[in-house]
Amino acid sequence: MYQLVKDFLNGLWNENPTFRMIIGMCPTLAVTTAAMNGIAMGLATTFVLVFSSLLISLLRNFIPAKVRIPCFIIVIATFVTVVDLFMAAYFPAIHKILGLFVPLIVVNCTIMARAEAFASKVTPPRAVADALGMGLGFTWAITLIGAVRELMGSGTLFGYHVLGEGATHWVIMLLPPGAFITMGILLGIMNVITRKSARDIQCH
Amino acid sequence: MNQYARMIVVLLIFSVLSGAVLAFSYEIANPKIQEHAMKNLEESIKNVLPGTTKYEQVEKEGMTFYLGLDDQGNKKGIAFKATGQGFGGPIEMMVGYDPKEGKLTGLQILSMAETPGLGARIQEPAFTEQFKGKSVNDPFEPKKDVQVITGATISPAGVASGIKSALEKVTKIYPVGGDY
Amino acid sequence: MSQYKFLITSSPHIHSGESVQKIMFSVAGALLLPTLAGVYFFGTRALILVITATLAAVATEAIFQKLRGKPVTVWDGSAIVTGMLLALNVTPALPVWMVVVGSVVAIGLGKMIYGGLGMNPFNPALIGRVFLTVTFPVQMTTWINPVDGTTGATPLALMKMQGVPTDYYKLFIGNVGGCLGETSALAVLVGGLYLIYKGYVDWRIPVSYIGTVAVLTFILGKDPIFHILAGGLLLGAFFMATDMVTTPVTKLGRIIFGIGAGIFVVLIRLYGGYPEGVSFSILLMNAFTPIINRLTVPRIYGEVKTR
């Protein structure tokens, strides 16, 4: 049980895919123009991550090592296509915004990396705990980036006008450079926090 | 089992199962997706042709027209799709046209990739409303007869030239003052 | 180790008497001319913008260096030059807090993040300016006419959108709408020539840059004199394309840099979406600087071509 909690928490902070491992940058930078997009993209990715990790972990002794990558890809691509279809059918508005980036979950490194490095080597419960942690870690990270960009770029948060109607919009935050600038500054802050806590531990 | 045979069998099983899952999900999701597309199309036609309650699709000279009708079957105008070149890519729009009057009846932006908060404001009624009642013989030039958005001139220009070039074809098929 | 009396250092050993500080303050002095012209034409609001931008740039550099535990070197004057250049590159109608944002970005994201003076690949003032242009497009393109302060268009925008030319004399003296420091061609020219005379600016860059714009606009059937005098070409050519850090070090390289930037300006002005392209042209060529440097390494004296 302790191991499962540890696996779950790992993705939330210590090995956070976005801020620690810097993988899965494509959706991170591309869809985070609003906090809601971050949540939607994050949850879609979490769904794919959990189910593909579960399946790959279950079948880990059945898949021959030499063809494991094609097998992983088929599993992941299947779940992504299912998500894409159901999103288009039941959440057309959010599907239109995320657009091409839903199918592109297939090539999100986070999923492939967890399948190859973790799920294919451990028991199903651990794989699912890890996938949930990674997925939610990815979700909070891109939601945070989305929130910063939405707040500065449109003056809103989850669509609500929190800065007042007259707030100046920083257009750059909604454009690709804004994604890089936000990401870079948040990474810097993360590093300062981690370094500080590491120093505190050493002192005690 | 020979290891190569095993690889092939495993991959085959994966592909077949994946195909089955996808076919099944497609069966469930596709009617819904089609329904959304139809609803969006119908809404945009009703939006650009005020008073329309139903429409008929007409194919003429390689273009698709949507003939708008009201409950009594009176013709309310025709709607067609036009494409303009914007700042961030093509701008797809639905244009309403009343050949009897020779005027536009409405404009709706269907899809675009303009800068949010700037060029993307071409979607707002403040911009699209100005095309309502506009004569098809107008020059459609930004800053002259087309109001632009402060800080963004390319997107409105793309909309205007997109409509203008589509109208050149449309007014040949449905001449001003003629029946349709 | 203080018992050693002799210092052993590698060459060079003769100091020219120049220092970063001396050069930077000369540049700042030369920039005073366009600044004064801007203040003359646009009034106190121009003066407030220049002072705030400069103070904000200096403060940002000091804070960054303090935070990172590095020695504070704001007195070398480079932040002052960046702040002044940024203010000269914005519209006089810009809200003051926005120019502060520009200064923070110019120094913070344009210079300190790369490790400070000498490490930045792009001209910091231009980074700040382009950031502002993209972030606040409406406020950055709200131009005002000199003296009366009513809103109006710049000569380049008038030419591009409506095909209206502006009088050469007005352009030369600076009685036209535009960025704070680029309106008066005369003031920029005098300041630039002073820097060339002092040897802080290599004539090759401004000459090849402006020359390319003149030749290209002439070939394409446009008015070359108008394109030289209007907009920020002169300010860019003398003060920003000549930044020692972000431009090539070789003589041939500098000519290539100027020609490249000139081509970009003409392309953007005549065929691009923006009426003005000086900032983008210099930033684009900044990106090419390392390649140009490598391609134009002069042969060492006595070296024989081996092939």
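Because the structure is a prediction, the values reported are computed rather than measured. The chains referred to below are lettered A, B, ... by the order of the sequence lines, with proteins before strands, and numbering in each begins at 1.
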| query | Top residue by heavy-atom pair count (under 4.5 Å) with chain B, among A:Ser154, A:Gly153, A:Cys71? | reply | A:Cys71
| Between B:Leu11 and A:Ile74, is a side-chain contact (heavy atoms from CB on, under 4.5 Å) present by the stated rule, with each step listed? | CA-CA 9 Å; B:Leu11 270 178; A:Ile74 292 175; 4.1 Å; yes
| request: Identify the two heavy atoms, one from A:Leu85 and one from B:Ala29, that lie closest to each other, and give their separation to 0.1 Å. | output: O-CB, 3.7 Å
| Shortest non-hydrogen separation from B:Ile28 to A:Tyr90 and the atoms involved | CG2-OH, 4.1 Å
| said: Counting only heavy atoms from other residues, nucleotides and ligands, does the tally under 6.0 Å from CZ of A:Phe47 exceed 12? | reply: yes
| What part of B:Leu17 gets closer than 4.5 Å to chain A, counting heavy atoms only: side chain, backbone, both or neither? | neither
| task | Select one option (side chain, backbone, both, neither) describing which atoms of A:Ile63 are under 4.5 Å from chain B's heavy atoms. | result | both
| note | Applying a strict 4.5 Å limit to non-hydrogen atoms, the region of B:Phe24 in contact with chain A is neither
| field | A:Phe180 atom CZ, neighbour heavy-atom count above 12 within 6.0 Å | value | no
| remark: Note: A:Ala88 and B:His36 closest approach over all heavy atoms is O-CD2, 3.7 Å
| request: Would you indicate whether B:Glu124, at its atom CD, is surrounded by more than 12 heavy atoms from other residues, nucleotides or ligands within a distance under 6.0 Å? | output: yes
| In terms of heavy-atom contacts, does CZ of A:Phe8 have more than 12 from other residues, nucleotides or ligands at under 6.0 Å? | yes
| message | Can you tell me which portion of A:Phe62 sits under 4.5 Å from chain B's heavy atoms? Options are side chain, backbone, both or neither. | response | both
| note | For A:Lys96 and B:Leu110, the nearest pair of non-hydrogen atoms, with its separation, is NZ-O, 3.2 Å
| Distance, nearest 0.5 Å, that separates OG of B:Ser18 from CD1 of A:Ile73 | 12.0 Å
| Would you find more than 12 non-hydrogen atoms of other residues, nucleotides or ligands less than 6.0 Å from A:Phe51 atom CZ? | no
| query | Given B:Phe14 and A:Val67, is the side-chain contact (heavy atoms from CB on, under 4.5 Å) satisfied, shown in steps? | reply | CA-CA 11 Å; B:Phe14 267 90; A:Val67 288; over 6 Å; no
